[in-house]
Amino acid sequence: GEKILPGGNSGERFNSYVSRVLNGSIQASWQMIAACQRHRDDLERDDVYFDLDELDAIDEFFSTVQHTSGEFAGEKFQLLDWQLFVIGSLWAWKWAKNSRRRFRMAIVQCGRGNGKTTLCAGMAMRILTGDSAAAQVFAFATKRDQAFLALNETKRMAKRWGDPLQPLQYSVRNTETDSIMTALAAKESSLDGLTPTLVIADEASEYKDRALVKLVTAAVKREESLVFMITTPGANNQAVYYEYLNSAERMLKKAEDQDSWFAYICGLDPSDEVEDEKTWAKANPSLGHTLTYDRIREAWNTLSHTPQGVAEFTRFHCSRYCDQADSWLDMDQWRKLTDSDLAWSDVSGCRAWLGLDLSKSRALTSLVAAVLLQDGRLGLFQWSWFPDGITPERPAGTTLDAERYHRLPLRQWARSGHLTLNHGPHINTDLIRSQINQVAQHVKLEEIAAYPWHMAEFAKRLELEDGL
């Protein structure tokens, strides 16, 4: 049967939340359901335990901190049920062998307006007012101004708290324990020599380089350090954050062992429609408190008229990655037009037209064949190339650098057969000529249309050497 946590109000609230998620009383994503089930399952383990006294203590601590802005300014910070589940899990789950906190990594993903910044500031306050000497709290974001959101909220809380906390221009200090909180831009060059107790990685999905990896690595230097990634989904699922998110989702599916990780991933499930108001609570656990249906409905009415607007609503309010966030083309509509059964071998002898966009070294070269099918439909086939940059001087090549620059998953496209990475620093035009000749032998080629840049010599070779 169901294992019920004993204890006071905090334990009852915590257990009630888990039960309501699992029985469907609370709208929840599959990841949220899996996180609650994981909690239930882990109560049966002998190597970890859930410290109810610690749960009560962290819940009580937050109630001593005051909100500093908005409609709740001056009121005590009462953790919402989902916040109690997150914060309680991070502080109360411990290793049986040494009673140290279990979780060193946390990933929390939800929509905008759910109180992420205030929650981070409360966590920072807990570390700054703790007994640990010289604790270090770092708020990171892609830009320092973004990182300062959490720091400034903590400064306002510290001002209301009083001694021994001292809010300064660029930090908050505990004058008794020498603990400190600062804000930094998440750049690899700014992370050397850090020994953080708490890392707040704000909007972690937007980090553009390997800074997130360096943050996680830096956190291993302390026994009970915590990297707290809190974010809405990013525009580019090739960012480092998604490596961690994918591992966390495999962990929740019990397909990967990450025993020191915690994940609370809100968002619409793949089968949910973004315009369905009944599903919005899956992405917005503070709905009805810091956020209202009217506010989200207003955002939908404003953004739903364009594909890019729908993409932004999907990311920011439905907490679901959308691959058309920066696109003018509605990819869902495009996929509906796709005939997965149509193969290149099916179009032999059909009339076809080619379009070519030739590049040299820093962009894709793409060839598209538009083929008139027997039933009157138009079939499209494409081939693309990109130089991998491998030379004797750079044996590792430049593909990774190009991915970061263009924010495109070049290696993934190559693995899936959508792109050919040709060796060397430049596009090998012989590969393109070879493909064009193969197309010409397979279909009835009517015309080749090409962007004029770099085409004069190439067109001459197609005409004189290939007879096209």
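- Counting heavy atoms from C-beta on, the side chains of Phe138 and Thr197 never come closer than 4.5 Å.
- For the residue pair Asn23 / Ser25, a side-chain donor-acceptor distance below 3.5 Å is found, with atom types taken as modelled.
- Note that Arg100 lies outside the cation-pi zone of Trp95, set by a 6.0 Å cut-off to the ring centre and a 45° limit from the axis.
- Ion pairing between a basic and an acidic side chain is recognised when a charged N comes within 4.0 Å of a carboxylate O; Lys97 and Asp47 show no such pairing.
- With 3.5 Å as the limit, one finds no donor-acceptor pair spanning the side chains of Asp388 and Thr399.
- In this structure the side chain of Trp30 reaches within 4.5 angstrom of the side chain of Leu252, judged on heavy atoms.
- Note: Leu226 CG to Arg101 CZ = 6.5 Å, rounded to the nearest 0.5 Å.
- Contact of the Arg144 side chain with the Phe148 side chain is registered, since non-hydrogen atoms from C-beta on lie closer than 4.5 Å.
- At a threshold of 4.5 Å between non-hydrogen side-chain atoms, the residues Met229 and Leu212 count as touching.
- Ring centroids of Trp280 and Phe313 are separated by less than 6.0 Å, placing the two rings close together.
- Taking the charged nitrogens against the carboxylate oxygens, Asp272 and Arg320 have no contact shorter than 4.0 Å, which rules out a salt bridge.
- In this structure, a donor-acceptor pair under 3.5 Å is present between the side chains of Ser16 and Arg20.
- Under a cut-off of 6.0 angstrom, the local environment of CD in Glu256 is crowded, with over 12 non-hydrogen atoms contributed by other residues, nucleotides or ligands.
- No donor-acceptor distance shorter than 3.5 angstrom exists from the side chain of Lys94 to the backbone of Val48, with no hydrogens or angles considered.
- In summary, Asp276 and Lys278 engage in a salt bridge, as defined by a charged side-chain N under 4.0 Å from a carboxylate O.
- The six-membered or imidazole ring of Trp261 lies away from that of Phe228, with a centre-to-centre distance of 6.0 Å or more.
- Side-chain contact, Ser225 with Arg104: a donor N or O sits under 3.5 Å from an acceptor N or O.
- Using a 4.5 Å heavy-atom threshold, the side chains of Met251 and Arg38 count as touching.
- A donor-acceptor pair shorter than 3.5 Å can be found between the side chains of Ser366 and Ser384.
- Ring planes of Phe262 and Tyr264: parallel class, angle under 30° (limits at 30 and 60°).
- Between Val240 and Val213, some side-chain heavy-atom pair lies under the 4.5 Å cut-off.
- Using a 4.0 Å cut-off between charged side-chain N and carboxylate O, Lys254 and Asp41 make a salt bridge.
- Taking all atoms of both residues into account, the shortest heavy-atom contact from Gln83 to Phe77 is OE1-CE2, 3.8 Å.
- A distance of 8.5 Å separates CD1 of Ile427 from CH2 of Trp385, quoted to the nearest 0.5 Å.
- Using modelled atom types, one finds a donor on one side chain and an acceptor on the other under 3.5 Å when comparing Arg160 with Gln66.
- Taking 4.0 Å as the cut-off between side-chain N and carboxylate O, Glu298 and Arg295 do not count as a salt-bridged pair.
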Practice item. Just do the ring-ring contact (aromatic ring centres under 6.0 Å, His included) check on Tyr321 and Tyr242 with the steps written out, would you? Key: CA-CA 10 Å; Tyr321 170 74; Tyr242 282 93; 5.7 Å; yes
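- Residues Arg315 and Glu206 are paired through a salt bridge, judged by an N-O separation under 4.0 Å between the basic side chain and the carboxylate.
- A donor and an acceptor atom, one from each side chain of Glu275 and Ser304, are nowhere located under 3.5 Å apart.
- Between His67 and Phe72, the two ring planes are tilted [angle within 30° to 60°].
- If you check the side chains of Ser247 and Arg250, you find a donor sitting under 3.5 Å from an acceptor.
- The environment of OH in Tyr170 is sparse: at most 12 heavy-atom neighbours from other residues, nucleotides or ligands sit within 6.0 Å.
- With a 4.5 Å cut-off on side-chain heavy atoms, Trp161 and Thr129 count as touching.
- Checking Thr314 against Glu312 by side-chain atom types alone, no donor-acceptor pair falls below 3.5 Å.
- Side-chain contact between Leu419 and Leu364 is present, with heavy atoms from C-beta onward closer than 4.5 Å.
- Taking the six-membered ring where tryptophan is involved, the planes of Phe50 and Phe14 are tilted, since the angle between them lies from 30° to 60°.
- Taking the six-membered ring where tryptophan is involved, the planes of Phe85 and Tyr17 are tilted, since the angle between them lies from 30° to 60°.
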Practice item. Walk me through it: do Ser29 and Asp269 pass the test side chain to side chain donor-acceptor pair (under 3.5 Å)? Key: CA-CA 6 Å; Ser29 66; Asp269 291 313; 5.1 Å; no
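- Nearest heavy atom pair, residue Gly88 against residue Leu55, reads CA-CD1, 3.5 Å.
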